[in-house]
Amino acid sequence: MHPAHYENLTPAQAIAHQHELRRKVDIKPLEKPIRVIGGADISFNKDSDIVYAGIVLFNYPELKVIGTATAISKTKFPYISGLLAFREVPALLDAWLKLPIMPDLMVLDGQGIAHERRLGIATHFGLVTDTPSIGSAKSRLYGRYDEPANIPLATSRMYDNGEVIGTAIRSKRNCNPIYVSPGHHISMEQSVEVIKNSLRGYRIPEPTRQAHLLVNKIRIEDSGNNNLQINLFD
DNA sequence: GCGACAG
DNA sequence: ATCTTGTCGC
């Protein structure tokens, strides 16, 4: 199944595909050194099927921006909890193909294996691109956990019947935790380490935070071109 | 049947 | 996710 055809899938078929992909998920230590890390995110206007995808590249662990790529496309697949990848991955792949250089690791806005079928968007994207990936979500989708202490960098494991599937991290004092889980070709420990090293004073780690700022920027710009250019010269 | 439910 | 200003708290 090719991502370009995800929009034609029914939810049941999408779930069946996740069961297939699950067999290929590889959660093990990333041996190669991490020199370039990327952050990805998408944005869209309310009641619109136009998707704005973007990826920001940084050198690691310094985190200086070394490149970006964006893509604008359409989506027919609706947002369905648990099937987020079928809605966002196609657009992200468009941006992925425009990158000036390929990153050693990607951070996605969403879950990795902290998913009912271990196929959060980060895991799905990692599989499709065969690239190490980490999921960093702003809210929980699946798994049980105790609230981490209100101390910067405090962590708490997320479980699914005794299996550790993620880590809730207090990325910032007095802020809700972020939910980190390995996506593909990386371990739980490394995922947490990389995310902690990518924090810069905000609740959201830089890769994903910058990607979010980028896609919102191009969305506003594009919206100003397609819509509100009525009565500008009356 | 009821509650939960990434972005 | 997005719609949106001020406002309470650290």
Side-chain angles (χ1 to χ4, degrees), chain A residues 3 6-7 11 14-15 18 21 25 39-55 70 72-93 95 106-127 133-145 149-152 158-160 165-184 191 195 201-205 207-224 226-228:
Chain A
Y6 284 173
E7 61 181 73
I15 290 175
Q18 292 185 320
L21 292 178
V25 179
D41 193 20
I42 68 130
S43 177
F44 54 81
N45 286 306
K46 185 178 179 62
D47 299 322
S48 170
D49 56 358
I50 296 180
V51 182
Y52 300 88
I55 295 176
T70 61
I72 301 177
S73 59
K74 288 194 173 186
T75 266
K76 280 302 181 183
F77 203 94
Y79 166 69
I80 298 175
S81 182
L83 302 179
L84 179 64
F86 295 90
R87 176 177 174 72
E88 305 191 350
V89 167
L92 290 177
L93 286 179
M106 283 294 292
V107 179
L108 285 285
D109 189 11
Q111 318 294 337
I113 60 171
H115 179 282
E116 181 176 11
R117 291 171 291 281
R118 305 295 182 272
L119 266 149
I121 188 170
T123 300
H124 199 127
F125 185 85
L127 280 168
S133 62
I134 298 173
S136 176
K138 297 182 294 299
S139 62
R140 182 204 75 98
L141 166 67
Y142 193 74
R144 300 173 54 94
Y145 72 102
N150 187 16
I151 297 174
M158 295 171 74
Y159 299 92
D160 176 21
I165 59 174
T167 302
I169 304 175
R170 188 74 64 182
S171 54
K172 186 170 194 243
R173 193 157 172 267
N174 292 339
C175 282
N176 289 321
I178 54 175
Y179 305 82
V180 176
S181 57
H184 191 47
S191 298
I195 292 301
Y202 296 90
R203 177 169 82 118
I204 308 303
T208 276
R209 200 177 80 83
Q210 292 301 329
H212 188 268
L213 293 174
L214 173 63
V215 295
N216 270 309
K217 178 170 165 293
I218 66 171
R219 187 189 104 237
I220 301 302
E221 297 176 342
D222 188 64
S223 298
N226 293 310
N227 304 311
L228 312 177

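Here is the naming used below: chain letters follow the sequence lines, and residue numbers restart at 1 for every chain.
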Roughly how many Å is it from NE2 in A:H115 to P in B:dG7, rounded to a whole number? 13 Å
Integer-rounded Å distance: B:dG7 P and A:L83 CG: 15 Å
Between C:dA1 and A:R219, is there an OP1 or OP2 to side-chain N/O distance shorter than 4.0 Å? no
Provide, to the nearest angstrom, the distance between the CD1 atom belonging to A:I121 and the P atom belonging to B:dA6. 13 Å
Between A:R117 and A:Y142, is NZ or CZ placed under 6.0 angstrom from the six-membered ring centre and within 45° of the ring axis? no
Over all strands shown, is A:G135 touching base, sugar-phosphate only, or nothing at heavy-atom distances under 4.0 angstrom? nothing
What contact category does A:I178 fall into here, base, sugar-phosphate, or nothing, at under 4.0 angstrom with non-hydrogen atoms? nothing
What integer distance in Å separates A:R144:CZ from B:dA4:C1'? 13 Å
Between B:dG7, C:dC10, C:dA1, which one does the side chain of A:N174 approach most closely? C:dC10
Could you please spell out the steps behind the side chain to side chain contact (heavy atoms under 4.5 Å, CB included) verdict for A:M106 and A:I55? CA-CA 9 Å; A:M106 283 294 292; A:I55 295 176; 3.9 Å; yes
Is the shortest side-chain N/O distance from A:S81 to OP1 or OP2 of B:dG7 below 4.0 Å? no
If only side-chain N and O atoms of A:K138 are considered, is one of them under 4.0 Å from the OP1 or OP2 phosphate oxygen of B:dG7? yes
Measure from CZ on A:F125 to C1' on B:dA6 and round the result to the nearest Å. 16 Å
Any side-chain N or O of A:S43 less than 4.0 Å from the OP1 or OP2 oxygen of C:dA1? no
Side chain of A:F44 (C-beta onward), nearest among B:dA6, C:dA1, C:dC10: C:dA1
Using a cut-off of strictly less than 4.0 Å, decide whether A:R173 has a side-chain nitrogen or oxygen near OP1 or OP2 of C:dC10. no
So does A:D49 pair up with A:K76, basic N to acidic O under 4.0 Å? yes
Does A:Y79 lie flat on the base of B:dG7, that is, centres under 5.5 Å apart and planes under 30° off? yes
Atom CG of A:L119 and atom P of B:dA6 are separated, to the nearest Å, by 16 Å
Cation-pi geometry met for A:R209 and A:Y202 (6.0 Å, 45°): yes
If you only use heavy atoms from C-beta on, which nucleotide in C:dT2, B:dG7, B:dA6 is closest to the side chain of A:E88? B:dG7
Starting the side chain at C-beta, find the nucleotide from C:dA1, B:dA6, C:dC3 nearest to A:K46. C:dC3
Are the side chains of A:L214 and A:T70 in touch, meaning some heavy atoms are under 4.5 Å apart? yes
Please classify the nucleic acid contact of A:N216 as base, sugar-phosphate, or nothing, using heavy-atom distances under 4.0 Å. sugar-phosphate
Result of checking A:Y79, A:F125, A:Y6 against A:F86 for ring pair (Phe, Tyr, Trp, His ring centres under 6.0 Å): A:Y6
In whole Å, I'd like the distance from the CD atom of A:E116 to the P atom of B:dA6. 13 Å
For A:L141 and B:dG7, what is the distance between atoms CG and C1' respectively, to the nearest whole Å? 10 Å
